[in-house]
Student: 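Would you mind keeping the following structure in view while I ask a few things?
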Protein chains: 2
Amino acid sequence: MVTIPARRKRATIHDVAVEAGVSRGTVSRVVNDEPYVSSSARIAIEAAIEKVGYVPNNAARSLVMQRSEAVGFIVHEPHSLFLDDPNIGGILLGANTVLSRADYQMVSLVIDSQRDTDRVARYLSGGFVDGVVIVSARHEDPITKVIGKLRLPAAFVGHPPDLQELPFVGIDNRASARAITERLMQTGRRRIGMVAAALDRDSGADRLAGFTDALGDRFDPALVTRVPLYTFNDGAMGMRELLQRDPLIDGVFAASDAVAAGALEALRDAGRSVPGDVGIVGFDDSSWALRTQPHLSTVHQPAFGLGAAAAECVLSQLRGEEQPTGGILLETPIVWRDSA
Amino acid sequence: MVTIPARRKRATIHDVAVEAGVSRGTVSRVVNDEPYVSSSARIAIEAAIEKVGYVPNNAARSLVMQRSEAVGFIVHEPHSLFLDDPNIGGILLGANTVLSRADYQMVSLVIDSQRDTDRVARYLSGGFVDGVVIVSARHEDPITKVIGKLRLPAAFVGHPPDLQELPFVGIDNRASARAITERLMQTGRRRIGMVAAALDRDSGADRLAGFTDALGDRFDPALVTRVPLYTFNDGAMGMRELLQRDPLIDGVFAASDAVAAGALEALRDAGRSVPGDVGIVGFDDSSWALRTQPHLSTVHQPAFGLGAAAAECVLSQLRGEEQPTGGILLETPIVWRDSA
DNA sequence: TTGTAAGCGTTATCAC
DNA sequence: GTGATAACGCTTACAA
């Protein structure tokens, strides 16, 4: 065992000022490199900073400046999904890239319990961040409430369930689902079903709606199975049920690539070939799409772009610019590979 | 277009005090629910807080308290890997769970560029966090330097390249690699090779070392291919080369599950059956392991436990407790499935 | 160009 | 029980 030495007291501007034989004001000017500092003073101060090991104290700075130069990135996903969801990483990187360029520190806060929710709400209230990007908000979310109450500059990725007046960026799940289903129909499939997932969310419900839009008269409710999550396992389960309901099914729209991958496994277990016996399409164009055999035809979801756009949106609010009403919808090209 | 109204000035303790007709000290006592407050005062103050919409200012609090009740979680991964790496999510969740329970806010900082590095270093220096958990530190990392200089309570996940005296939690990559290779040998394979990856890191180098340990006399350098990253694509590439070097190879240790998945694809493309023609084992027991066909035999890496242990380690430092010297190594059970 | 001093919103130490 | 008041470390007029 070894005792960690107590953290030694940190040097302050005062220490630097004394060391350099100037006033604190001048030191501050050097630190924030403002003009009107003689080069002799600057040199002395820089040496002093080095000598006493001064690092500015953000708390003090942000107290007086009334801002923190940080933007929160809130992820609110159930445990399991967070590990799986291929989009979150891209969104996060997109947001970070934009914020970084503007010299804002992105701090991600993950919410994984009720306790987390409360603590994060406090954290946001406390002025530790100047704005916030929110992924997958919940209905009646305390976080959303706090943001509204504080008028904290915010942008949602995906459609916020309530509070429609807050800015968001997203994709048109319904139109995209319709488009890929139509594309699937064009390949000549006769009995097309869907493994629908996450119907408690807008994205899940919209994808199903787009599917029924595309099918029109040909829509058969019996050919839709519903599973709770966008996961591999749920996909396999949903597909097995679909196969049971109609062994002759020859086309499937899976609500996400992970679901499609699971479905693919169920199909393989049932001895069906893809795309020979059945054509299948997914949604997301995540890393799943290239891991499956055959590679998935799917809807490209611009994860990075979503994160970047949300971050831009927060920054523009921070600059006090006017906001376009309503949300921003990004394009979702269809990428056609081998699974259908 | 609509103009977002300016954020209205936030209420302070002072406002609450005036409203409730008491002093700021008393309000502060109520806010931090300390004893010695008359219930009449408490009631009046709570009403006033509600009325003026008071939320405490963290910057001020953390300035006077000299701590922030937050712990940083630093991820330093190249872009592509961050999206793929299955362990990071688990580590993050493990750390968050522990910190949350102790009422610390975990803030994750992702480093994705030089600019990020500098900004994060400043952020850490600034007192916005009381401690830090670091995933995949770099050699000669400015972050590591800052931590050392500030004596910021820290714990590394995985072995920190330099600064060996800092606490870390990890696994014994070498022993684990040896164990699974031996297990693979016991299945009767004659020509066993390895797709080694990320040899510039300890984990990668150690896994190769464990492999050679296990093989002893039977080790044949020609049966090892080296690829830069723990990725699917690199795995496929490495396996193709292995196949070229020795078409009769019948056992493969892939440096990670993602690598194994890629190798599996290369094997399939080459018309080899698994585990019939060749047995293959991976490392990590990540979500990859169950996505492949057949499921992978692999080394279980306790991602959640690593995050949790690292967080515990930081908390214990924060409590001023003594630290065990050296790192903590967690168990890595072998999970045997169908790929070998 | 530099120094002085008044806050920023808390907590904490005293007296009362 | 409660109210002054002095920090905490910094920025920023305003004076010099």
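Here is how names work: the chains are called A, B, and so on, in the same order as the sequence lines, proteins then strands, and each is numbered from 1.
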Student: Out of C:dT2, D:dA7, D:dT12, which nucleotide sits closest to the side chain of A:Met65?
Tutor: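 So the nucleotide nearest the side chain must be D:dT12.
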Student: Could B:Asp15 and B:Arg10 be called an ion pair, given the rule that one side-chain N must be under 4.0 Å from one carboxylate O?
Tutor: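 B:Arg10 and B:Asp15: not salt-bridged.
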Student: Using heavy atoms to find the nearest nucleotide of DNA chain C for B:Ala59 and B:Glu34 separately, return the residue whose nucleotide is more 5′.
Tutor: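 Its nucleotide being nearer the 5' end, the pick is B:Ala59.
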Student: Among the candidates D:dT11, C:dT11, C:dT2, find the nucleotide nearest to the side-chain atoms of A:Ser28.
Tutor: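 Selected nucleotide (nearest to the side chain): D:dT11.
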Student: Give the minimum heavy-atom separation between B:Leu318 and B:Asp130, together with the two atoms involved.
Tutor: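 The pair with the smallest heavy-atom distance is CD1-O, 3.4 Å.
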Student: In whole angstrom, give the distance that lies between atom CD of A:Gln66 and atom P of D:dT12.
Tutor: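 Between P of D:dT12 and CD of A:Gln66: 11 Å.
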Student: Under 4.0 Å between a side-chain N/O of A:Ser38 and OP1 or OP2 of C:dT1, yes or no?
Tutor: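 A:Ser38 to C:dT1 OP1/OP2: no side-chain N or O under 4.0 Å.
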Student: For B:Val55, which contact category applies under a 4.0 Å heavy-atom criterion: base, sugar-phosphate, or nothing?
Tutor: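 Contact class for B:Val55: sugar-phosphate only.
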Student: To check you understand the geometry: which heavy-atom pair defines the closest contact between A:Ala60 and B:Leu63, and what is its length?
Tutor: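 Where A:Ala60 meets B:Leu63 most closely, the heavy atoms are CB-CD1, 3.7 Å.
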Student: Measuring to OP1 and OP2 of C:dT10, would you say a side-chain N or O of B:Ser62 lies under 4.0 angstrom away?
Tutor: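 Indeed not, no polar side-chain atom of B:Ser62 lies that close.
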Student: Is the shortest side-chain N/O distance from A:Tyr36 to OP1 or OP2 of D:dT12 below 4.0 Å?
Tutor: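 The answer is no; no side-chain N or O of A:Tyr36 sits under 4.0 Å from OP1 or OP2.
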Student: Tell me if a side-chain donor or acceptor on A:Asn96 pairs with a main-chain N or O of A:Leu92 at a distance below 3.5 Å.
Tutor: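 Here the side-chain-to-backbone pair does not exist.
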Student: Whole angstrom is fine here: how far is it from CG in A:Leu63 over to P in D:dA7?
Tutor: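 It is 17 Å, rounded to the nearest whole Å.
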Student: Mind calculating the distance between CD1 (B:Ile45) and P (C:dT10) to the nearest angstrom?
Tutor: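 About 13 Å, once rounded to whole Å.
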Student: Under a 3.5 Å cutoff, is there a donor and acceptor pairing between the side chains of B:Arg119 and A:Ser100?
Tutor: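 A donor-acceptor contact under 3.5 Å links the two side chains.
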Student: Output the rounded distance in Å from CZ (A:Arg61) to C1' (D:dT12).
Tutor: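 So the CZ-C1' distance, A:Arg61 to D:dT12, works out to 13 Å.
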Student: Heavy-atom nearest nucleotide on DNA chain C for A:Ala41 versus A:Arg24: which residue maps closer to 5'?
Tutor: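 Between the two, 5'-proximity favours A:Ala41.
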Student: Applying a 4.0 Å non-hydrogen cut-off, can you work out what B:Thr12 is touching in the nucleic acid: base, sugar-phosphate, or nothing?
Tutor: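 Counting heavy atoms under 4.0 Å across all strands, the contact made by B:Thr12 is with sugar-phosphate only.
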Student: Confirm from the modelled atom types if A:Arg29 and C:dG3 form a donor-acceptor pair under 3.5 Å, side chain to base only.
Tutor: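 Answer yes: a donor N or O sits under 3.5 Å from an acceptor.
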Student: Is B:Val31 touching bases, backbone alone, or none of the nucleic acid, heavy atoms closer than 4.0 Å?
Tutor: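 If one applies the 4.0 Å heavy-atom cut-off, B:Val31 turns out to touch nothing in the nucleic acid.
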Student: Check the phosphate of C:dG3 against A:Thr26, side-chain N and O only, distance under 4.0 Å to OP1 or OP2. Yes or no?
Tutor: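 For A:Thr26, the contact criterion (side-chain N or O under 4.0 Å from OP1 or OP2 of C:dG3) is met.
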Student: Rounded to the nearest angstrom, tell me the gap between atom NE2 in A:His14 and atom P in D:dG9.
Tutor: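 About 10 Å, once rounded to whole Å.
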Student: Nearest whole Å is fine: how far is C:dT10 P from B:Glu69 CD?
Tutor: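 Rounding to the nearest Å, CD of B:Glu69 and P of C:dT10 are 16 Å apart.
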Student: Give the rounded distance in Å between these two atoms: CD1 of A:Ile49 and P of D:dC10.
Tutor: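 Rounded to the whole Å, the gap is 10 Å.
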Student: Can you check the B:Asn32 CG to D:dG1 P distance for me, whole Å?
Tutor: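 Atom CG in B:Asn32 sits about 18 Å away from atom P in D:dG1.
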